[in-house]
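Notes follow once the structure below has been shown.
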Amino acid sequence: MASIQQSFRADKKQKVADAAAGEKSLSSGDKEQDKLLVEQQAQQIADLQEVLYAERKHKILIVLQGMDTSGKDGTVRGVFGKIDPLGVSSVAFKAPSTEEKAHDFLWRIHKQVPSQGEFTIFNRSHYEDVLITRVHDWIDDKECKRRYQHIRDFERMLAETGTVILKFFLHISSAEQKKRLEERIADPNKHWKFDPADLEERKSWDAYQAQYEEVIRETDADHAPWYVVPADSKTHRNLVISSIVLEKLNKLKPEFPPGNPEFSKLKVI
């Protein structure tokens, strides 16, 4: 029987098709029951992270990529929101600053990777530098290939020094994105989420889908796997991601370090 990781692992010949965005293969058919399971798994992830933090052996890097409205923020809240703030950080990469542009494109990324025992979540990531840059022709094919090689080398180095990398492409359909953008425009309480630039980026939908296919093809690896997560359903999206993360953490078999026998001699007065 295939593991959940295997079920959603990207294919080297992955084709991004809207039809797959609505799949709910892990759903019980009861939305409330699925939400409860996500909450339970989120708590299990938080409990395991505490052990990882005490063990100080592994570093966990979660990469979330997807089109606007695909649910990156919702994933952070729903799947990782129960982790003790001391053991997790979420980094939302925006357009590079002047200082960041003065360095290589991975400079700002490397500063944010997790240390031993920590979870770090990249809400967008170094992959922006081969996505939006190619869609808008800000870099040419030669530079893009060079960046892919740098990314592959970077992720291999992280993996070889104890970082567990899990990369999730939140796959939303064009129709669902349209619906979510319209909801943000219609509700004044959601205007803070809306950026008119999102409408311009939507015009390049097909180009982005093609570029995501290339990203997956060029950078999927056993030490840095891509998972394609159907994201039209927010609940099922979180269920898939929490299931994969939990499955991976359990395989690590983290354990609290041995107790200090000297502590038994201490008295609190």
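Keep in mind that this is a model prediction, so the values were computed, not measured.
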Donor-acceptor pair between R180 and S70 side chains, under 3.5 angstrom: no
Face-on cation placement of R147 at F105 ring, 6.0 Å and 45° thresholds: yes
K111 to W107, cation-pi by 6.0 Å centre distance and 45° axis angle: yes
ILVMFWY cluster membership beyond W192 - transitive side-chain contacts under 4.5 angstrom: none
side-chain hydrogen bond (donor to acceptor under 3.5 Å, both in side chains) partners of residues 260-269, not counting sequence neighbours, each pair once: E262-K265
R146 vs Q149, side chain to side chain donor-acceptor pair (under 3.5 Å): CA-CA, chis, key distance, verdict: CA-CA 5 Å; R146 184 183 296 115; Q149 186 60 54; over 6 Å; no
With K142 via side-chain hydrogen bond (donor to acceptor under 3.5 Å, both in side chains) - residues at least two apart: none
Salt bridge K31-D34, side-chain N to carboxylate O under 4.0 Å: no
Between F169 and Y227, ring centroids under 6.0 Å: no
Residue among E155, R108, H150 satisfying side-chain hydrogen bond (donor to acceptor under 3.5 Å, both in side chains) with H126: E155
For S173, all residues meeting side-chain hydrogen bond (donor to acceptor under 3.5 Å, both in side chains), sequence neighbours excluded: D232
Hydrophobic cluster of L199, others only, ordered by chain and residue number, side-chain cut-off 4.5 Å: L181, I185, F194
Result of checking Q43, Q44, Q49 against D47 for side-chain hydrogen bond (donor to acceptor under 3.5 Å, both in side chains): Q43
Pairing of R134 and E214 as salt bridge, 4.0 angstrom limit: no
Axial cation check for Y53 ring with R56, 6.0 Å and 45° limits: yes
More than 12 heavy atoms of other groups within 6.0 Å of F263 CZ: no
Residues E213 and R217 bridged, charged N to O under 4.0 Å: no
Pair Y127 + W226: ring centers closer than 6.0 Å: yes
Sequence neighbours excluded - side-chain hydrogen bond (donor to acceptor under 3.5 Å, both in side chains) pairs with any residue from residues 82-91: S89-T120
Residue pair Q65 / R124, side-chain donor-acceptor N/O under 3.5 Å: no
